[in-house]
Amino acid sequence: MNVRNSADTDGSWVNISMFCYNCGCVLSEKDFCTGCGADVGLYKKIMYVANRFYNDGLEKAHVRDLSGAVTSLRQCLKLNKYHIDARNLLGLVYFERGEVVAALSEWIMSKNTRSEKNIADDYIEMLQNNPGRLDMYKQTIKKYNMALGYCQQDGLDLAVIQLKKVVSMNPKFVQARQLLSLLYMNNEEWDKAKKELMNALRIDANNTITLRYLKEVGEMMPPEEERTKKRREAIVYQSGNETVIQPAGKKEAAGLQTIFNIVIGIAVGVGVAWFLLLPSQIQQVTNESNDKYKEVSEQLDAKTVEVNELTAQINQLTEEKTDLTNSLSAAQEANAAIEANTDLIEAALMYMNDTQDELVIADALELIDQDYLENEATESFRNLYHAVKEGIGPVVAKESYNVGYDAFRTEDYDTAVINLSRAYEYNPKNGEALYNLGNAYNKKGETQKATEIYEQVIELFPNTEKARKSETYIREIKGETE
């Protein structure tokens, strides 16, 4: 992992300039701002501590203590959430541990905090410009979640299969290796568990969970002297491409079995010879019966082989279809989740900055897939979505209505429909928006849609001038007269 943030090429730390929180002036060694005179003593102490946490995280990242680096960088961001270098480095550490979604979230927040001259743009572009790699990461997340589900349902064998696929596709996914080693420990496969834990330790050199599991594996495995003695007593030989380790006693038993088979073969040979000495008539009948039996057997064997081959092909194709369907569904779900989270984070950050145009924020919200919002999104996701939408609702409704009504008056009915629909969506009490939306559809010649809108006006705003006019337009559309 290449880390280049606040350290020089020779490894010495760089002093990051601090700016006054009141006027933005560069701070000196004094405890007050030379620009505006504000008291910055406590503020400088907090910034110094944040920078020390950042430098500590950077040093730990250099020696692959990724867990320790995450802890230090999070502390830095608690003290200074605008520390761009710390947030970018935290994303790199997450990415190195195989946690791609967490890394992408940090880089997106960094990009929204500082949009220009930010290396986070390169990291995000690196993922987005490589669709194959991004799809691979999405599949690993899906398979990892499937493995967790299998564990909860006591399907441990299926979980092992999924986790093997995960670590083969994303070898740096530390959490997947830890879970796989835990399943091996449950099956008392200590050598396999130790191998996975050592691989995880090469990625994250001081991960507490990995070290704890490794200690438990070491306590359960037999001493090295005993394992060496067993290997010496065993007979090792090659069978095809596999090395077989077999106790010496079993090799002797195999020799006795060979002698026994030879004796049986001799006895069978004597019996066949004796049978050939029988009268020729009996032998002729027997030969005819054998020939017929052989012919039928050959036909039956051929049919059986053909049926078995077709069955195997059908099973293989069925498995491939299932895997492809699961992979496609996983990729689509993961892609929808990442895009929705990205759009919502950008909209929320623009809303919190309080410097953006509400219509721009509305455009970001409308990029979120409504099927994902209604069926798959978490409750916290929906709450944040509705909070942002309600916050910008009055301004968006008013501006959209003005744009839509002006477009209607200039006979730009397509623009009128878009903006009047948005105005009514953000303010359902605006009967004028709904009524003029019906007029726009009517002028476009979409009379069926116009009729539906007019009926809504009559239902939602009864006993009003808009409702009476809507009734008149409906009669005109249907060709009715009073």
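Sequential numbering from 1 along the given sequence is applied to the chain's residues. Note that the coordinates shown come from a computational prediction; the quantities given were computed from them, not determined experimentally.
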* Structure fact -> Distance col, row Glu452:CD vs Glu446:CD, nearest 0.5 angstrom, shows 10.5 Å
* Quick one: OH on Tyr123 to CD1 on Ile119, what's the gap to the nearest 0.5 Å? -> 3.5 Å
* Structure fact -> Taking every heavy atom of Gln162 against every heavy atom of Ala147, the minimum-distance pair comes out as CB-CB, 4.0 Å
* Decide yes or no for Arg87 and Lys81: does some side-chain heavy atom of the first lie under 4.5 Å from some side-chain heavy atom of the second? => yes
* **Any donor-acceptor pair under 3.5 Å from Ser110 side chain to Glu106 backbone** => no
* Residue pairs, two or more places apart or on separate chains, that pass salt bridge (Lys or Arg N to Asp or Glu O under 4.0 Å) and touch residues 199-213 -> Arg97-Asp204
* Structure fact -> Pro171 and Ile203 have their tightest heavy-atom pair at O-CD1, 3.4 Å
* Asked: If every non-hydrogen atom of Ala86 is compared with every non-hydrogen atom of Cys76, which pair is closest and at what distance?
  -> CB-SG, 3.7 Å
* To do: Mind listing the closest non-hydrogen atom pair of Asn207 and Gln178 along with its distance?
  => OD1-NE2, 2.9 Å
* Asked: Does the Asp56 side chain pair with the main chain of Arg52, one donor and one acceptor, at a distance under 3.5 Å?
  -> no
* Audit row: Lys143, Met169, side-chain contact (heavy atoms from CB on, under 4.5 Å) steps and yes/no -> CA-CA 10 Å; Lys143 292 182 183 297; Met169 297 169 67; 4.1 Å; yes
* **Within-4.5 Å side-chain heavy-atom neighbours: Leu73 and Phe53** => no
* Asked: Is the side chain of Asn170 donor-acceptor paired with the backbone N or O of Val166 at a distance under 3.5 Å, no angle test?
  -> no
* Step by step, work out the side-chain contact (heavy atoms from CB on, under 4.5 Å) result for Thr318 and Ile314. => CA-CA 6 Å; Thr318 302; Ile314 291 173; 4.1 Å; yes
* Just wondering, do Lys142 and Lys138 contact through their side chains at under 4.5 Å, heavy atoms? -> no
* **Side-chain (Ser115) to main-chain (Asn112) donor-acceptor, under 3.5 angstrom** => no
* Asked: Can you list the residues that meet the side chain to side chain contact (heavy atoms under 4.5 Å, CB included) rule with Gln128, with sequence neighbours excluded?
  -> Ile124
* Got a sec, which pairs hit salt bridge (Lys or Arg N to Asp or Glu O under 4.0 Å) with one end in residues 175-188, sequence neighbours left out? -> Arg177-Glu196
* Hey, could you give me the SG/CG distance between Cys151 and Asn186, rounded to the nearest 0.5 Å? => 9.0 Å
* Over all atoms of both residues, closest heavy-atom pair of Val417 and Leu437 -> O-CD1, 3.7 Å
* Set of residues satisfying salt bridge (Lys or Arg N to Asp or Glu O under 4.0 Å) with respect to Glu432, sequence neighbours excluded -> Lys466
* Output the distance between atom CE (Met146) and atom CD (Gln153), rounded to the nearest 0.5 Å. => 10.0 Å
* To do: Could you check Tyr454 against Tyr441 for side-chain contact (heavy atoms from CB on, under 4.5 Å), going step by step and ending with a plain yes or no?
  => CA-CA 10 Å; Tyr454 287 143; Tyr441 277 120; over 6 Å; no
* **4.5 Å side-chain heavy-atom contact, Glu96 and Arg64** => yes
* Separation of Thr113 OG1 from Ile84 CD1 (nearest 0.5 Å) -> 4.5 Å
* Structure fact -> By side-chain hydrogen bond (donor to acceptor under 3.5 Å, both in side chains), Asp122 pairs with (sequence neighbours left out) none
* **Over all atoms of both residues, closest heavy-atom pair of Thr210 and Leu197** => CG2-O, 3.5 Å
* **Contact check, side chains of Tyr150 and Ile161, non-hydrogen atoms, under 4.5 Å** => no
* Asked: Thr71 side chain to Ser67 main-chain N or O, any donor-acceptor pair under 3.5 Å?
  -> yes
* Asked: Does the Asn145 side chain pair with the main chain of Ile141, one donor and one acceptor, at a distance under 3.5 Å?
  -> yes
* Which residue pairs pass the side chain to side chain donor-acceptor pair (under 3.5 Å) test when at least one of the two sits in residues 395-407, sequence neighbours left out? -> Tyr401-Asn436
* Full working for side-chain contact (heavy atoms from CB on, under 4.5 Å) between Phe461 and Tyr435 -> CA-CA 10 Å; Phe461 304 96; Tyr435 171 69; over 6 Å; no
* Could you check if a side-chain atom of Glu189 sits within less than 4.5 angstrom of a side-chain atom of Leu183, using non-hydrogen atoms only? => no
* To do: Report the relative orientation of the aromatic rings in Phe173 and Tyr144; use parallel for angles under 30°, tilted for 30 to 60°, perpendicular for over 60°.
  => tilted
* Would you give the length of the straight line joining atom OG of Ser181 to atom CH2 of Trp190, rounded to the nearest 0.5 angstrom? => 10.5 Å
* Asked: Do Asn118 and Asn88 have side chains that get closer than 4.5 Å, going by heavy atoms?
  -> yes
* Does Asn199 use its side chain to pair, donor to acceptor, with the backbone of Lys195 at less than 3.5 Å? -> yes
* Asked: Considering residues, nucleotides and ligands other than Glu219, do more than 12 of their heavy atoms fall under 6.0 Å from its CD?
  -> yes
* Asked: Side chains of Ile46 and Asn80: closer than 4.5 Å at any heavy-atom pair?
  -> no
* Is the backbone N or O of Ala69 less than 3.5 Å from a side-chain atom of Ser72, with the two atoms forming a donor-acceptor pair by type? -> no
